Undergrad: 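Below you'll find the structure I mean.
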Amino acid sequence: MRLDEERREEQGKPEAGEVVVLPETEPVRVERRLPRWARWALAPVVAMVLLGAAFVFGRSSFFAIDAIDVVGTSHLTPARAIHLAGVERGANALSVDLGAAEARLERDPWVASATVERSLPGTITIRVTERTPVLAVEREGAFDLIGADGVVVVSRASAGRLPIATFSAALSQPPTADIAGVVAALDPAARDEVASVEVDALGAITLELRSGATVRFGTPTDLETKVDALEAMLRFADDDDIRFASIDLRFPSAPSAVLGNGSRYEP
């Protein structure tokens, strides 16, 4: 037994000249970290530095306005729209208050709505939807030209081709917006045929056409149905070269008309 153990020990010993490779060991890494209190103390400083850098960059000439595009103007000139918006070339695009610029534009009676958009680094786009006058109301020797929403767009010496509205003196508050909405609902061809609009004490509307025909429109209810019926009758008259003496739309489900020869027409 003893001899066997001695042999095993001798077999495990390296012979003379034999190279013994020892197993590699990983180097011990020593991490040096700031104390937690120091990291917490440095965080606001880093944040302030980053914010300061962002502020300086945001104020730099990189964001200077070099292009102002105006879309949708007809009566307003692009220069007028830019002036109303309060936007200037060379100003910082990031400093433009888009909502305030839109509000300034919409204070002009020609402007029904406006949007102001920013495209970095230096482009401002102004989009305008203008009001189109559809009605004229005579006041003190001039004519107020009214948009479809009842807003007075401009006053002029002449009504041009716009229908002129008159209201019963019994109406304490003339329904200008309602009448403008009726005229605006007509297609351009039918609208151009309307010479005047009269509103009685009960709010009933009568249209006088340039052909001389009278249209009893009634109150501004069932607007779409009444407008469709009137436009269809006017197309019929134009296609068949006939003339209406009067058209009655007060009952939109059963419109009727009287022709110039006195015969009755019911579409």
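When a residue number appears, it is its place in the shown sequence, counting from 1. Given the structure is predicted, the values throughout are model-derived calculations rather than measurements.
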Undergrad: At their closest point, which heavy atom of Pro267 faces which heavy atom of Pro255, and how far apart are they?
TA: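 Shortest heavy-atom contact: CD-O, 3.4 Å.
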
Undergrad: One pair to check against side chain to side chain contact (heavy atoms under 4.5 Å, CB included): Leu94 and Leu120. What are the steps and the verdict?
TA: CA-CA 8 Å; Leu94 292 173; Leu120 298 179; 3.7 Å; yes

Undergrad: When clusters are formed by joining ILVMFWY residues with side-chain heavy atoms under 4.5 Å apart, either directly or through shared neighbours, do Leu162 and Val182 land in the same one?
TA: no

Undergrad: Same hydrophobic cluster for Val137 and Val153, using side-chain heavy-atom links shorter than 4.5 Å among ILVMFWY?
TA: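 Unlinked, Val137 and Val153 end up in two clusters.
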
Undergrad: For Arg127 and Val71, indicate whether the former's side chain and the latter's backbone hold a donor-acceptor pair under 3.5 Å.
TA: no

Undergrad: Heavy atoms only: give me the nearest Pro133-Leu145 pair and the separation to one decimal.
TA: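 Looks like CB-CB, 3.8 Å.
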
Undergrad: So do the side chains of Val199 and Ser168 get within less than 4.5 Å of each other, counting heavy atoms only?
TA: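 No. Closest side-chain heavy atoms not under 4.5 Å.
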
Undergrad: Just wondering, do Phe217 and Val197 contact through their side chains at under 4.5 Å, heavy atoms?
TA: no

Undergrad: Let me know which of Val215, Leu249, Ile179, Val183 forms a side-chain contact (heavy atoms from CB on, under 4.5 Å) with Ile205.
TA: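 Going through the options one by one, the only one that passes is Ile179.
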
Undergrad: Does the side chain of Lys226 reach to within under 4.5 Å of the side chain of Thr221, using non-hydrogen atoms?
TA: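 Yes - at least one pair of side-chain heavy atoms lies under 4.5 Å apart.
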
Undergrad: Taking a hydrophobic cluster as the set of Ile, Leu, Val, Met, Phe, Trp and Tyr residues connected by side-chain heavy atoms closer than 4.5 Å, whether directly or through intermediates, do Phe167 and Val152 fall within one such cluster?
TA: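 Phe167 clusters together with Val152.
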
Undergrad: Under the side chain to side chain donor-acceptor pair (under 3.5 Å) test, which residues partner Asp144, sequence neighbours left out?
TA: Arg139, Ser155

Undergrad: Which pair of non-hydrogen atoms, one from Ala177 and one from Asp149, has the smallest distance, and what is that distance?
TA: CB-O, 3.8 Å

Undergrad: Within a strict 4.5 Å, meaning less than it, do heavy atoms of the Glu208 and Thr214 side chains meet?
TA: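 Yes - at least one pair of side-chain heavy atoms lies under 4.5 Å apart.
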
Undergrad: Mind listing the closest non-hydrogen atom pair of Glu231 and Asp187 along with its distance?
TA: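 Where Glu231 meets Asp187 most closely, the heavy atoms are OE2-N, 2.8 Å.
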
Undergrad: Evaluate Leu84 against Leu76 for side chain to side chain contact (heavy atoms under 4.5 Å, CB included), listing each step before the verdict.
TA: CA-CA 10 Å; Leu84 289 171; Leu76 290 180; 4.3 Å; yes

Undergrad: Starting at CG of Leu105, measure out to CD1 of Ile82 and round the result to the nearest 0.5 Å.
TA: 10.0 Å

Undergrad: What closest approach, in Å, do Asp200 and Ala204 show between heavy atoms, and which atom pair accounts for it?
TA: OD1-N, 2.8 Å

Undergrad: To the nearest 0.5 Å, how far apart are CG in Asp192 and CG in Leu186?
TA: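 Nearest 0.5 Å value for the CG-CG distance: 11.0 Å.
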
Undergrad: Is there a chain of hydrophobic side chains (I, L, V, M, F, W, Y, each step under 4.5 Å between heavy atoms) that links Leu98 to Phe63?
TA: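 No, because Leu98 and Phe63 fall into different hydrophobic clusters, even though each may have its own neighbours under 4.5 Å.
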
Undergrad: Are the side chain of Arg89 and the backbone N or O of Asp66 linked by a donor-acceptor pair below 3.5 Å?
TA: yes

Undergrad: Among Arg216, Arg264, Glu266, Arg250, find the residue that satisfies the side-chain hydrogen bond (donor to acceptor under 3.5 Å, both in side chains) test when tested with Ser256.
TA: Arg264

Undergrad: Can you confirm whether Phe236 sits close enough to Ile242 that some side-chain heavy atom of one is under 4.5 Å from a side-chain heavy atom of the other?
TA: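 Phe236 vs Ile242: side chains touch.
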
Undergrad: If I take atom CG from residue Leu259 and atom CG from residue Asp240, how far apart are they, to the nearest 0.5 angstrom?
TA: 9.5 Å

Undergrad: Under 3.5 Å, side chain of Arg118 to main-chain N/O of Val96, donor-acceptor pair present?
TA: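 Flag set: sc Arg118 to bb Val96 pair under 3.5 Å.
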
Undergrad: Which distance, rounded to the nearest 0.5 Å, do you find between the OH of Tyr265 and the CD1 of Ile247?
TA: 9.5 Å

Undergrad: Apply the hydrophobic cluster definition, ILVMFWY joined by side-chain contacts under 4.5 Å directly or through others, and give me every member besides Val258.
TA: none

Undergrad: Evaluate side chain to side chain contact (heavy atoms under 4.5 Å, CB included) for Arg80 paired with His75, printing each intermediate quantity in order.
TA: CA-CA 10 Å; Arg80 174 65 176 164; His75 294 278; over 6 Å; no

Undergrad: Check whether any side-chain N or O of Arg156 sits under 3.5 Å from a backbone N or O of Phe143 as a donor-acceptor pair, and report yes or no.
TA: no

Undergrad: Do you reckon Val87 sits in the same ILVMFWY cluster as Phe62, going by side-chain contacts under 4.5 Å, direct or chained?
TA: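 No.
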
Undergrad: CG of Leu223 to CG of Asp178: how many Å apart, nearest 0.5 Å?
TA: 9.5 Å

Undergrad: Return the CD to OG1 distance between Glu117 and Thr123, rounded to the nearest 0.5 Å.
TA: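 One finds 11.5 Å between CD of Glu117 and OG1 of Thr123.
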
Undergrad: Between Arg191 (side chain only) and Ala184 (backbone N and O only), is there a donor and an acceptor less than 3.5 Å apart?
TA: yes

Undergrad: For residues Glu130 and Ser74, report the shortest heavy-atom separation together with the two atoms involved.
TA: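 The answer is OE2-N, 3.0 Å.
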
Undergrad: Under a 4.5 Å cut-off applied to non-hydrogen side-chain atoms, are Thr166 and Ser196 in contact?
TA: no

Undergrad: Would you check if Val194 and Leu209 make a side-chain contact, meaning some heavy-atom pair closer than 4.5 Å?
TA: yes

